[in-house]
Amino acid sequence: MAASHSNDSYHPAVIEAKWRQRWDERRTNATDIEGAGKPFYNLMMFPYPSAEGLHVGNAFAFVGADIYGRFQRLQGLDVFEPMGFDAFGIHSENYAIKVNTHPARLIPANIERFREQLRRLGLMLDWDHEVSTTDPRYYKWTQWIFLQLYQAGLAVKKKAPVNWCPECKTVLANEQVIDGFCERHPGVAVIQKFLEQWFFTITKYTERLLNNLEKLDWSESTRLLQRNWIGRSQGAELDFVVPTGGTITVFTTRPDTVFGATFLVLAPEHPMVEQVTGAERRPDVNAYRRHAADMDIVSRRKGGKEKTGVFTGGYARNPATGENIPIWIADYVLMEYGTGAIMAVPGHDERDFEFATQFGLEIREVVKPVAGPSSLPFVSYDGVLVNSGQFDGLHCREAIEKITAWLAENKLAVPRLQYRLHDWCISRQRYWGPPIPMIYCDACGAVPVPEKDLPVLLPLIEDFRPDDSGVSPLARHQEWYRVPCPQCGKAARRETDVSDTFLDSAWYFLRYPSTSFDDRPFDQKITKKWLPVRSYIGGNEHAVLHLMYARFITMVLHDLKLIDFEEPFTRFRAHGTIVKDGAKMSKSRGNVVIPDEFIADWGADTFRMYLMFLGPYQEGGDFQDSGMAGISRFLDKVWALVRATRGAAPPGAQLPTRVVRKLHQTIRKVTDDMAELHYNTAIAALMEYINVVRGGEQAAIASPPAELLDPLIVLLAPFAPHFAEECWERLGHHESVFDVAWPDYDEALAREDEIALVVQINGKVRARIMVPPGLSQEQAVERALADGAVQKFLDGGRIKKAVYVPDRLVNLVV
RNA sequence: GCCGGGGUGGCGAAAUCGGUAGACGCAGGGGACUUAAAAUCCCCUGGGGGCAACCCCAUGUGGGUUCGAAUCCCGCCCCCGGCACCA
């Protein structure tokens with residue numbers, strides 16, 4: 001085929017098509033799930049199949065993961081590299097509404113397009129194990145997982161606020177609320193509404209989710225994001241007794257400042273508000289509570305806005321000073337964090353300071369800086385107590401313990417850990433998701449759908465759009481909605497909410513190896529063999545939600561004895577992001593890179609390799625159209641070398657030392673870099689190698705022997721798989737280049753026999769001398785002194801000291 | 001505001017247990033080949049000075065530590081990401 005081109009030059013389109021077909025025919029990329037001896041599960045984040053098609057960010061992520069998988073395969077492992085589609089969810093649904101087409105009709109076409117694009121990228125995917133979250137064969141088991149959690153008491157129903165657009169009469173996601181208004185109705189203020197929703201009590205797993213992070217081989221950046229998301233803070237709960245009856249418990253991380261607590265602030269929804277409000281304050285308090293309740297969740301939580309609040313008329317006793325202090329309500333205190341009430345210490349908290357200043361409340365200084373003048377609010381821990389009775393003079397850290405212990409004696413304090421992480425609300429008042437498998441019966445209450453009745457199919461209704469009826473789309477379909485109670489048989493109703501897409505993706509990696517079974521979500525034996533995942537590569541945009549939920553679901557399944565590991569991903573690496581010409585890619589800027597165009601113009605191998613060359617993989621980089629040319633030239637040169645070879649060197653022939661040495665150095669460098677995902681420098685090393693083979697300033701090798709080319713092609717194979725296969729074949733091999741062994745290097749052959757030793761005088765480079773490696777300091781100094789330039793700069797000065805870094809430099813201090 | 005990551009030639013970037021700054025590539029310049037062009041090949045290419053051997057300056061910015069700092073420490077500026085009234 002390629003021979004039909006007159007000059008037999010490199011034609012990517014021809015050889016890429018040829019090898020894609022070969023791989024299919026020979027089942028090169030299929031994994032023997034049952035028989036594999038050295039299983040290596042190489043996972044990448046399955047995409048949401050958008051209508052726009054695969055974007056360059058997907059390509060970057062997948063290619064980087066694929067290269068790692070191919071590298072592991074060449075190391076002799078049985079690599080399993082599956083792919084699937086995360087096609088449920090609000091993105092698909094909103095797009096379907098926009099183009100007025102049912103998502104069930106839209107998605108298959110999108111998936112088909114993605115599959116083709118993924119094929120063109122030359123990924124080593126095993127398509128026998130494809131997964132699609134919208135397939136009833138898949139979401140049956142998503143529902144099954146819900147039931148497992150329900151039965152374990154980890155799925156509970158509770159009221160929670162949602163964003164509600166009075167015009168759409170539907171629930172909005174936070175990102176659909178723009179400055180307090182509906183994205184579709186810019187004049188309509190979004191309000192919060194309380195709905196009964198299903199929650200997974202992930203907070204029961206907080207400590208484990210946090211502590212396990214220590215032992216995971218994950219990108220540090222990802223672990224940090226998770227740690228911050230969990231947001232552990234250590235403090236105490238303090239009791240403020242209300243003389244007229246009741247107690248208000250506050251959470252604080254600064255019990256040391258309790259002597260400065262001059263008022264309390266409750267969240268407007270706090271249950272004690274009713275009780276402490278005085279009759280004359282009631283109209284104002286009620287008005288404020290109504291105002292807070294009407295706000296959308298996003299605006300309500302927004303910081304930095306002007307503080308508002310009202311006095312309730314009630315008082316509570318400060319447990320440290322014994323004084324009665326006023327109780328206020330304000331929306332800067334959130335019901336869902338801590339106890340929904342705070343002790344306000346305006347002298348030492350910026351928010352309380354702002355509030356006190358605004359409403360003329362007392363500000364008391366109880367901590368003085370260790371050094372420097374006082375200036376309130378002083379929020380640092382680096383201070384000593386004042387105006388705090390017997391605790392005066394104590395350092396803050398010490399005072400926290402002492403004061404907590406002192407109040408604890410009188411049962412007014414208890415040490416406490418508080419977390420930012422909330423329970424996971426999985427209810428979505430939408431259409432495009434797996435129905436939550438619950439039935440409500442007037443007699444029996446909430447009844448789970450029996451396992452034998454799974455899946456609860458999502459009906460293919462045409463009016464999937466949210467309308468002004470005020471109920472979920474599914475509730476409008478009586479034939480689906482009305483169902484007999486599985487327990488008592490009386491008329492009952494289905495749950496009409498669907499589950500969050502993050503539940504779909506929280507277990508997909510468990511399904512891939514087990515796609516040939518429909519009677520169980522994952523096979524025990526196969527799961528034991530292939531999991532946990534050995535390498536997971538993806539973006540940090542999923543660092544907290546997806547990765548946290550996947551860890552949580554895995555822990556639950558472990559505790560239910562369904563799997564024998566509790567962390568799903570042994571190793572995770574976050575890749576970087578790609579920008580274009582220094583700016584973020586966006587449609588409005590018109591700088592979006594469409595992979596298809598570059599693949600059509602340059603071939604997938606060049607495109608893959610350029611993506612990996614444009615910057616460090618874990619940091620991302622700048623995509624410049626002109627960059628493709630360099631890689632293309634590089635592959636052309638390799639191609640020319642392969643064409644020029646006349647096979648193995650004749651027996652006894654001496655290979656050029658310089659090239660052999662560079663080859664071994666290159667194998668070493670590339671091997672090390674691949675393991676660390678340092679693809680850009682690995683490619684640079686391959687370029688350096690061919691520059692040496694081709695001669696550079698020295699005489700070129702007209703016809704390099706196979707010994708110098710075979711290893712190069714294997715090193716290149718993970719980056720440019722089609723190209724490498726073609727070269728491998730042309731070099732006379734019959735097996736796939738991915739079924740051979742990664743080359744070994746010989747440390748002795750890689751060693752230089754002469755190195756350039758830098759000679760510094762007083763830290764400035766003054767000469768470079770060629771010396772054999774391994775000199776002692778005395779020998780090095782002696783050689784340096786023998787150099788003319790060195791003598792000139794020493795200018796007869798006396799050497800006070802010599803610093804020698806073996807084989808690198810010698811520094812003479814005069 | 002807080003927590004991360006980053007700032008190096010005209011451009012993308014190398015080099016961080018402190019040890020030759022700018023590997024590799026792009027762009028640019030010069031030359032070879034060609035009737036010519038493209039492609040390819042060879043050489044040059046951080047700034048300044050010098051006929052030259054060479055010298056001086058240079059890793060956001062100001063200090064510091066060190067024989068020696070892109071790398072470590074302190075202050076400041078800018079860019080990217082995350083969190084954001086979390087008590």
Side-chain angles (χ1 to χ4, degrees), chain A residues 7 9 220-222 224-225 227-229 231-233 235 250-254 257 265 300-307 330-334 336-345 348-352 354-355 379 418-422 540-541 543-544 574 576-577 579 581-582 584 610 613-616 618-631 633-634 636-637 640 678 680-689 691 694-697 700 756-768 788-789 792 800-814:
Chain A
N7 58 1
S9 56
E220 192 47 45
S221 58
T222 313
L224 197 77
L225 286 166
R227 247 179 241 126
N228 293 345
W229 189 257
R232 181 184 196 265
S233 55
V250 305
F251 173 73
T252 180
T253 53
R254 297 296 304 268
T257 63
V265 187
R300 169 71 192 271
R301 296 242 184 114
K302 200 173 157 198
K305 65 178 193 228
E306 193 167 290
K307 296 271 180 296
D331 67 359
Y332 82 92
V333 175
L334 309 172
E336 58 275 21
Y337 186 79
T339 60
I342 61 158
M343 64 173 199
V345 184
H348 306 284
D349 181 282
E350 280 175 19
R351 297 150 302 179
D352 299 343
E354 196 190 325
F355 193 81
V379 300
Q418 183 66 44
Y419 304 91
R420 212 191 71 98
L421 183 73
H422 288 111
N540 258 344
E541 67 273 17
V544 284
T577 48
V579 298
D581 301 326
K584 200 191 249 179
Y610 175 61
F613 187 63
L614 56 72
Q618 288 168 91
E619 283 160 44
D622 195 317
F623 190 102
Q624 301 183 335
D625 296 0
S626 59
M628 212 72 60
I631 300 290
R633 275 174 217 153
F634 166 73
D636 281 340
K637 288 173 196 169
H678 295 162
N680 57 333
T681 49
I683 293 169
L686 294 172
M687 290 172 167
E688 282 189 53
Y689 174 62
N691 288 345
R694 296 173 76 250
E697 69 280 5
L757 185 72
V758 168
V759 183
Q760 294 185 333
I761 291 165
N762 291 334
K764 280 191 195 279
V765 178
R766 293 304 184 186
R768 293 173 179 85
K792 197 182 103 197
K800 280 197 299 200
K801 182 179 172 185
V803 181
Y804 178 55
V805 182
D807 298 344
R808 305 220 56 162
L809 66 72
V810 58
N811 186 12
L812 306 172
V813 186
V814 295

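Chain identifiers are assigned alphabetically (A, B, ...) following the order of the sequence lines, protein sequences preceding nucleic acid strands; residue numbering begins at 1 within each chain.
Side chain of A/N811, nearest nucleotide from B/U40, B/G68, B/G12: B/G68. Out of B/G12, B/A87, B/G68, the shortest distance to the side chain of A/Q624 is found at B/G12. The side chain of A/K764 approaches B/C56 more closely than any other nucleotide in the set B/C56, B/G25, B/U20. For A/D622, the side-chain atoms get nearest to B/G12 when compared with the rest of B/A14, B/G12, B/A87. When each of B/G68, B/A87, B/U20 is scored by its nearest atom to the side-chain atoms of A/Y337, the top-ranked nucleotide is B/A87. Comparing B/A87, B/G25, B/G81 against the side chain of A/K584 picks out B/G81 as the nearest. Closest to the side chain of A/M687, from the set B/C83, B/G19, B/G25, is B/G25. Side-chain atoms of A/T681 lie closest to B/A15 of the nucleotides B/G12, B/A15, B/A27. Set against B/C24, B/A14, B/C67, the side chain of A/V803 has B/C67 as its closest nucleotide. Distances were taken from every side-chain heavy atom of A/I342 (C-beta onward) to each of B/A87, B/G25, B/G19; the shortest belongs to B/A87.
Within the 4.0 angstrom heavy-atom criterion, no nucleotide atom of any strand lies near A/T577. A/S626 comes within 4.0 angstrom of the backbone, heavy atoms only, and of no base. Counting any heavy atom pair closer than 4.0 Å across all strands shown, A/V250 reaches no nucleic acid atom. A/E688 comes within 4.0 angstrom of sugar-phosphate atoms only, judged by non-hydrogen atoms across all strands, and of no base. A/V813 comes within 4.0 angstrom of sugar-phosphate atoms only, judged by non-hydrogen atoms across all strands, and of no base. Using a 4.0 Å heavy-atom criterion, one finds that A/L809 contacts the bases of the nucleic acid, with or without backbone contacts as well. Within 4.0 Å of A/F613, counting heavy atoms only, lies at least one base atom of the nucleic acid. Contact annotation for A/R768: base contact, defined as any heavy-atom pair under 4.0 Å involving a base atom. Among the atoms of the strands shown, base atoms are found under 4.0 Å from some heavy atom of A/L334. At a threshold of 4.0 angstrom between heavy atoms, the contacts of A/R766 are confined to the sugar-phosphate backbone, with no base atom among them.
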Before giving the answer on side-chain contact (heavy atoms from CB on, under 4.5 Å), spell out for A/M343 and A/T257 the whole-Å C-alpha distance, their side-chain angles and the decisive distance to 0.1 Å. CA-CA 10 Å; A/M343 64 173 199; A/T257 63; 3.7 Å; yes
Starting from the C-alpha separation in whole Å, work towards a yes-or-no answer on side-chain contact (heavy atoms from CB on, under 4.5 Å) for A/T252 and A/R254. CA-CA 5 Å; A/T252 180; A/R254 297 296 304 268; 3.9 Å; yes
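Across all non-hydrogen atoms, the minimal contact from A/T222 to A/A574 is OG1-CB, 3.7 Å. Across A/S221 and A/N540, no two heavy atoms sit closer than the pair OG-ND2, 3.0 Å. Considering every non-hydrogen atom in both A/V333 and A/I342, the closest pair reads CG2-CG1, 3.7 Å.
Phosphate proximity of B/A87 to A/R254: absent, as no side-chain N or O sits under 4.0 Å from OP1 or OP2. Distances shown here put every side-chain N or O of A/R420 at or beyond 4.0 Å from the OP1 or OP2 atom of B/A87.
Comparing A/G627 and A/T252, the nucleotide of RNA chain B nearest to each residue sits closer to the 5' end for A/G627. Heavy-atom nearest nucleotides on RNA chain B were determined for A/A684 and for A/D331, and the one closer to the 5' end corresponds to A/A684.
Note that CZ of A/R694 is 5.0 Å distant from NZ of A/K637, once rounded to the nearest 0.5 Å. Distance CG/A/D331 to NZ/A/K307: 9.0 Å, rounded to 0.5 Å.
Annotated as anti: B/G64, whose O4'-C1'-N torsion sits more than 90° from 0.
Judged by distance alone, the side chain of A/Y610 and the main-chain N or O of A/Q624 form a donor-acceptor pair under 3.5 Å. For the pair A/D349 (side chain) and A/A344 (backbone), a donor-acceptor distance under 3.5 Å is absent.
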How does RNA chain B look in dot-bracket form if you count Watson-Crick and G-U pairs under 3.5 Å, write [ ] for pairs that cross, and put | where a base pairs with another strand? (((((((..(((......[....))).(((((.......))))).((((....))))..(((((..]....))))))))))))....
